[in-house]
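Letters go in sequence order (proteins before strands), and every chain restarts at 1. Computed from a predicted structure; not experimentally measured.
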Number of protein chains: 2
Amino acid sequence: MPDLIHDGDSAAAVSSLRSAVMLLSRRLKHQRVDESLSPTEMSVLGTLARCGSATPGELARKEHVQPPSMTRIVALLEAKGLVRLEPHPDDRRQKVVSQTEQAEAMLQESRSKRNAWLTALAEGLDEEEWETLRKAAPVLEKLAHL
Amino acid sequence: MPDLIHDGDSAAAVSSLRSAVMLLSRRLKHQRVDESLSPTEMSVLGTLARCGSATPGELARKEHVQPPSMTRIVALLEAKGLVRLEPHPDDRRQKVVSQTEQAEAMLQESRSKRNAWLTALAEGLDEEEWETLRKAAPVLEKLAHL
DNA sequence: AATGGTCTTTAGGGTAGGTAATGAGTTACG
DNA sequence: CGTAACTCATTACCTACCCTAAAGACCATT
């Protein structure tokens with residue numbers, strides 16, 4: 001079987017990937033739509049937009065965060081009117097988190113602002129490079145969730 | 001002029017990219033070689049390995065961190081014997097930071113461990129997806145440094 | 001020589017995440 | 001049936017990391 005990952009080029013790619021991801025994440029932290037929303041809070045809203053609704057435990061697993069952290073995040077989002085908490089129909093220990101209409105509007109605004117920021121950044125890339133990145137985006141997302 | 005970035009596909013790519021980067025960075029934090037080394041400290045060592053040596057101010061700019069943070073990071077790295085601090089030859093305000101042999105050894109070990117972790121993660125990707133990612137890695141790195 | 005600018009550092013503060021322990025609720029087993 | 005073991009969410013506390021503001025040391029231009 002061909003080993004896709006253990007050759008030298010791939011080792012370099014892994015190194016590149018890690019360093020780029022860490023650096024970009026630091027910079028993205030400063031590009032918030034709403035100053036009062038942390039990157040993870042944003043990410044949770046994104047997840048809810050995709051999945052409809054979820055329990056705090058499910059969200060914690062999806063975001064790779066510990067349950068107590070998710071409790072705090074959900075509480076903050078609720079205080080800001082961005083999510084709704086309802087009792088779980090079958091299990092009274094659990095709760096069901098879902099996003100509000102306000103959250104949907106905010107995500108929309110967020111998308112355009114992030115787009116503007118990355119657009120400015122991507123001015124420094126040529127057409128071919130940007131195309132490469134566009135193709136890689138969904139793969140990177142898949143990788144992150146594995 | 002063709003607008004590379006403002007179409008719908010690119011907006012989706014930006015969204016994907018941001019969410020994937022944030023999530024991956026959170027997960028990478030937990031995959032440290034040395035428990036006592038933060039992601040930014042690792043990144044600084046990587047930069048030093050590429051550039052040979054640099055002043056704290058240069059490092060701060062490269063890592064997109066404020067100068068006081070770099071002061072602390074460099075001090076911690078020095079305490080761990082991973083970097084050396086010398087006076088700047090021309091300017092007594094500045095210092096010159098360079099990595100030690102110990103740091104080189106650690107980076108080597110780090111690479112293989114990260115490689116192993118990403119390898120395990122990438123088992124979930126098919127050959128084509130991994131190829132896409134390999135091509136994108138240097139571009140992502142360029143983007144992060146823009 | 002002095003004044004303004006630059007590099008580093010010190011001091012202090014804030015945010016986001018983690019661990020340990022608790023309480024409430026469910027499930028399984030005697 | 002009831003109790004023991006497990007699970008989910010939460011509370012309380014702690015740590016790591018980065019920031020801003022301001023000071024100290026040094027350069028550079030006049």
Exercise. Flag the pair A:P87 / A:K95 as yes when at least one side-chain heavy-atom distance between them is below 4.5 Å, and no otherwise.
Key: no
Quiz prompt | Which nucleotide in C:dT19, C:dG17, D:dC19 has an atom nearest any side-chain atom of A:I73 | solution = C:dG17
Quiz item: Taking the side chain of B:P67 as heavy atoms from C-beta outward, which of C:dG25, D:dC19, C:dT8 is closest to it?
Solution: C:dT8
Quiz item: What is the distance from CZ of B:R27 to C1' of C:dG17, rounded to the nearest Å?
Solution: 16 Å
Quiz item: With a non-hydrogen cut-off below 4.0 angstrom, is B:P56 in contact with a base, only sugar-phosphate, or nothing?
Solution: sugar-phosphate
Quiz item: Quick one, which residues of residues 75-86 of chain A touch DNA chain D with a heavy atom under 4.0 Å?
Solution: none
Exercise. Return yes if the base of C:dG17 and the side-chain atoms of B:R26 contain a donor-acceptor N/O pair under 3.5 Å, otherwise no.
Key: no
Exercise. Return yes if the base of C:dT6 and the side-chain atoms of B:R93 contain a donor-acceptor N/O pair under 3.5 Å, otherwise no.
Key: yes
Practice problem: Taking A:R27 for its side chain and B:A144 for its backbone only, find out whether a donor-acceptor pair lies under 3.5 Å. | Solution: yes
Quiz prompt | Student check: side-chain heavy atoms of B:L37 and B:K80 closer than 4.5 Å | solution = yes
Quiz item: CD of B:E63 versus P of D:dC18: gap in Å, rounded?
Solution: 10 Å
Quiz prompt | Whether B:Q94 side chain and B:D91 backbone form a donor-acceptor pair below 3.5 Å | solution = no
Quiz item: Which nucleotide in the list C:dT8, D:dC26, C:dG18 gets nearest to the side chain of A:Q66?
Solution: C:dG18
Quiz item: Do the side-chain N or O atoms of A:R92 get closer than 4.0 angstrom to the phosphate oxygens (OP1, OP2) of C:dT26?
Solution: yes
Self-check item: Residue from A:L76, A:L48, A:L45, A:L107 passing side-chain contact (heavy atoms from CB on, under 4.5 Å) with A:L82
Solution: A:L45
Quiz item: What does A:P68 touch in the nucleic acid at a heavy-atom separation under 4.0 angstrom: a base, only the sugar-phosphate, or nothing?
Solution: base
Exercise. Let me know the distance between CD of A:Q94 and P of C:dT26, rounded to the nearest Å.
Key: 10 Å
Quiz item: Expressed in angstrom and rounded to an integer, what is the separation of B:E58 atom CD from C:dT8 atom P?
Solution: 8 Å
Quiz item: For the pair made of CG in B:L59 and C1' in C:dT8, what is the distance, rounded to whole Å?
Solution: 13 Å
Practice problem: Spell out, as yes or no, whether a donor-acceptor pair under 3.5 Å connects the side chain of A:R26 to the backbone of B:E63. | Solution: yes
Practice problem: Report the distance from atom NE2 of B:H64 to atom C1' of D:dC19, rounded to the nearest whole Å. | Solution: 16 Å
Quiz item: Side chain of B:T100, backbone of B:G81: donor and acceptor closer than 3.5 Å?
Solution: yes
Exercise. Please state whether the phosphate of D:dA9, meaning OP1 or OP2, lies under 4.0 angstrom from any side-chain nitrogen or oxygen of A:T55.
Key: yes
Quiz item: Taking OP1 and OP2 of D:dC18, is either one under 4.0 Å from a side-chain nitrogen or oxygen of B:T40?
Solution: yes
Quiz item: Rounded to the Å, how far apart are B:R72 CZ and C:dG14 C1'?
Solution: 13 Å
Self-check item: A:H145 (side chain) donor-acceptor with A:E141 (main chain) under 3.5 angstrom
Solution: yes
Self-check item: Earlier contact from the 5' end, DNA chain C, for A:D90 and A:E41
Solution: A:E41
Practice problem: Please report, rounded to the nearest Å, how far the P atom of C:dG5 is from the CG atom of B:D91. | Solution: 17 Å
Exercise. Select one nucleotide: of D:dT10, C:dT9, D:dC17, the one nearest the side-chain heavy atoms of A:K95.
Key: D:dT10
Practice problem: May I ask you to verify if any side-chain N or O of B:S69 is less than 4.0 angstrom from the OP1 or OP2 atom of D:dC19? | Solution: yes
